[in-house]
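Just below is one structure, and these are the notes that go with it.
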Amino acid sequence: MSNGVVFNNTSYELTNLISEVDSGTIALPDLQRPFVWKDTQIRDLIDSLYKGLPAGLIILWKVGDGSEFKPIGFDKSTTPSRLVIDGQQRLTSLFTIFTGKEVLDKNYKKRLPRICFNPLTEEIDVVNSSKEKDVEWINNITDIFMDKRNVRREYIKSLYDKKPEMDIDEDLIEENIDRIADIKHYPFSVLELSSDLDPEEVSEIFVRINSKGRS
């Protein structure tokens, strides 16, 4: 192992991380396991970000052109400059929720999770048939990241149309939808491993980090 500190500590806005994953600048090393998180785990992550709670570190490795990798998502032609050593499940979850693009699960099947949001109660949950029929729920928060103004307008209109007896607080609805949209500014702590490390050294770091995690 190299002598001295082999990483630097920085912070990225979530939107910048997602953009680099989407472009292929950030990818996965071949040693990473497939995407295995359940929808409930994705829900809990989004809920933590919404409440401004810590969401753990992302560890990236600066690499050259010769590294073996696999992209997060599909149709990436960019050679990555950094590989994810720790935080794959979180980054993959956030990538698919923010962009609405499919990812591969552990069975190598395409998957597109959906997380819903209730602006009246601030609840975040996994979509089910009951919530899909409930006008108080926005059935896919991805739509908020794509066009929050249109989502807000359609949501309020639907409440007035289908629940005319309800006392609708438009300011509260706007505030809470804005809070979901503002998750994109969440500051993720990122450790970047030096490009001077070779694959064996990075593999050792990976094993040390994940020695108590899932195999």
**Message:** Is it the case that the side chain of Ser19 and the backbone of Thr15 share a donor-acceptor pair, with hydrogens and angles ignored and the cut-off at 3.5 Å?
**Reply:** no
**Shortest non-hydrogen contact from Phe117 toward Tyr50** = CZ-OH, 3.8 Å
**Prompt:** Hey, is NZ on Lys163 packed in by over 12 heavy atoms from elsewhere, all under 6.0 Å?
**Reply:** yes
**Asked** Checking side chain to side chain donor-acceptor pair (under 3.5 Å) for the pair Asn150/Arg153: CA distance, chi angles, key distance, verdict?
**Response** CA-CA 5 Å; Asn150 183 61; Arg153 181 175 61 252; 2.6 Å; yes
**Fill in**
One should read off an interatomic distance between Leu91 CG and Asp86 CG, to the nearest 0.5 angstrom, of 10.0 Å
**Request:** Report yes if the side chains of Arg149 and Asp147 come closer than 4.5 Å at any heavy-atom pair, otherwise no.
**Result:** yes
**Prompt:** Where the side chain of Gln89 meets the backbone of Val36, is there a donor-acceptor pair that is under 3.5 Å apart?
**Reply:** yes
**Asked** Atom CG of Asn128 and atom CG of Asp134: how far apart are they, to the nearest 0.5 Å?
**Response** 9.5 Å
**Message:** Looking at Ser194 and Phe7, would you say the former's side chain and the latter's main chain have a donor-acceptor pair under 3.5 Å?
**Reply:** no
**Message:** A side-chain contact here means heavy atoms from C-beta on lying under 4.5 Å apart; do Ile124 and Ile141 qualify?
**Reply:** no
**Request:** With the side chain counted from C-beta on, respond yes when Asp22 and Phe98 share a heavy-atom pair under 4.5 Å apart, and no when they do not.
**Result:** no
**Message:** Go through it in stages, so that I can follow the logic: the residues are Leu159 and Glu136, the test is side chain to side chain contact (heavy atoms under 4.5 Å, CB included), and I'd like the CA-CA distance, side-chain angles, deciding distance and then a yes or no.
**Reply:** CA-CA 7 Å; Leu159 284 180; Glu136 294 186 15; 4.2 Å; yes
**Prompt:** So, for Arg179 and Lys51, which heavy atoms are closest and what is the spacing to 0.1 Å?
**Reply:** NH2-CA, 4.2 Å
**Item:** Minimum side-chain heavy-atom gap Leu94-Phe188 below 4.5 Å
**Value:** yes
**Prompt:** If we only count heavy atoms from C-beta on, is the Arg90 to Val84 side-chain gap below 4.5 Å?
**Reply:** no
**Request:** Quick one: closest heavy-atom pair of Phe145 and Ile183, and the distance?
**Result:** CE2-CB, 4.5 Å
**Complete:** Smallest heavy-atom separation, Thr96 atom then Lys101 atom, equals OG1-O, 2.6 Å
**Asked** Distance from Ile42 atom CD1 to Ile115 atom CD1, nearest 0.5 Å?
**Response** 5.5 Å
**Message:** If we check side chain to side chain contact (heavy atoms under 4.5 Å, CB included) with Leu60, which of these qualifies: Leu191, Val190, Leu193?
**Reply:** Val190
**Item:** Residue pair Asp196, Val6: steps toward the side chain to side chain contact (heavy atoms under 4.5 Å, CB included) verdict
**Value:** CA-CA 8 Å; Asp196 294 334; Val6 297; over 6 Å; no
**Request:** Taking all non-hydrogen atoms of both residues into account, name the closest pair between Asn118 and Leu120 and its distance.
**Result:** OD1-N, 2.8 Å
Show me the side-chain donor-acceptor pairs of residues 166-174 shorter than 3.5 Å, one per line, residues at least two apart or across chains.
unit_1	atom_1	unit_2	atom_2	d
Asp169	OD1	Asp171	N	3.2
Asp169	OD1	Leu172	N	3.1
Glu170	OE2	Tyr160	OH	2.8

**Prompt:** Just how far is it from atom CG of Asn16 to atom CD1 of Ile26, taken to the nearest 0.5 Å?
**Reply:** 9.5 Å
**Request:** For Leu45 and Trp37, run side chain to side chain contact (heavy atoms under 4.5 Å, CB included): C-alpha distance rounded to whole Å, both residues' side-chain angles, the deciding distance at 0.1 Å, then the answer.
**Result:** CA-CA 11 Å; Leu45 173 61; Trp37 264 23; 3.8 Å; yes
**Message:** Test your reading of the model: is there a side-chain donor-acceptor pair from Thr25 to the backbone of Pro80, 3.5 Å cut-off?
**Reply:** no
**Message:** With a 4.5 Å cut-off on side-chain heavy atoms, are Thr99 and Thr142 touching?
**Reply:** no
**Message:** Salt bridge or not between Asp39 and Arg43? Use side-chain N to carboxylate O under 4.0 Å.
**Reply:** no
**Prompt:** Ion pair present between Asp161 and Lys157, side-chain N to carboxylate O less than 4.0 angstrom?
**Reply:** yes
**Asked** How about Lys148: does its NZ atom have over 12 heavy atoms from other parts shown lying under 6.0 Å from it?
**Response** yes
**Request:** Quick one: list whatever passes salt bridge (charged side-chain N to carboxylate O under 4.0 Å, His left out) with Glu154, sequence neighbours left out.
**Result:** none
**Prompt:** Could you give the distance from CD1 (Ile46) to CD1 (Ile180), rounded to the nearest 0.5 Å?
**Reply:** 7.5 Å
**Asked** Can Val135 be reached from Trp137 by stepping across I, L, V, M, F, W or Y side chains whose heavy atoms are under 4.5 Å apart?
**Response** no
**Request:** Say whether, by atom type as modelled, one donor and one acceptor occur between the side chain of Tyr186 and the main chain of Ala55 under 3.5 angstrom.
**Result:** yes
**Asked** Is a salt bridge present between Glu123 and Lys131, judged by a nitrogen-to-oxygen distance below 4.0 Å?
**Response** no
**Derivation and outcome, side chain to side chain contact (heavy atoms under 4.5 Å, CB included), residues Val126 and Lys38** = CA-CA 10 Å; Val126 178; Lys38 299 176 181 178; over 6 Å; no
**Complete:** On a heavy-atom basis, the closest approach of Leu197 and Trp61 is O-CZ2, 3.3 Å
**Message:** If the condition is side-chain hydrogen bond (donor to acceptor under 3.5 Å, both in side chains), which residues does Lys109 pass it with, not counting sequence neighbours?
**Reply:** none
**Asked** CD1 of Ile59 to CG of Leu83: how many Å apart, nearest 0.5 Å?
**Response** 13.5 Å
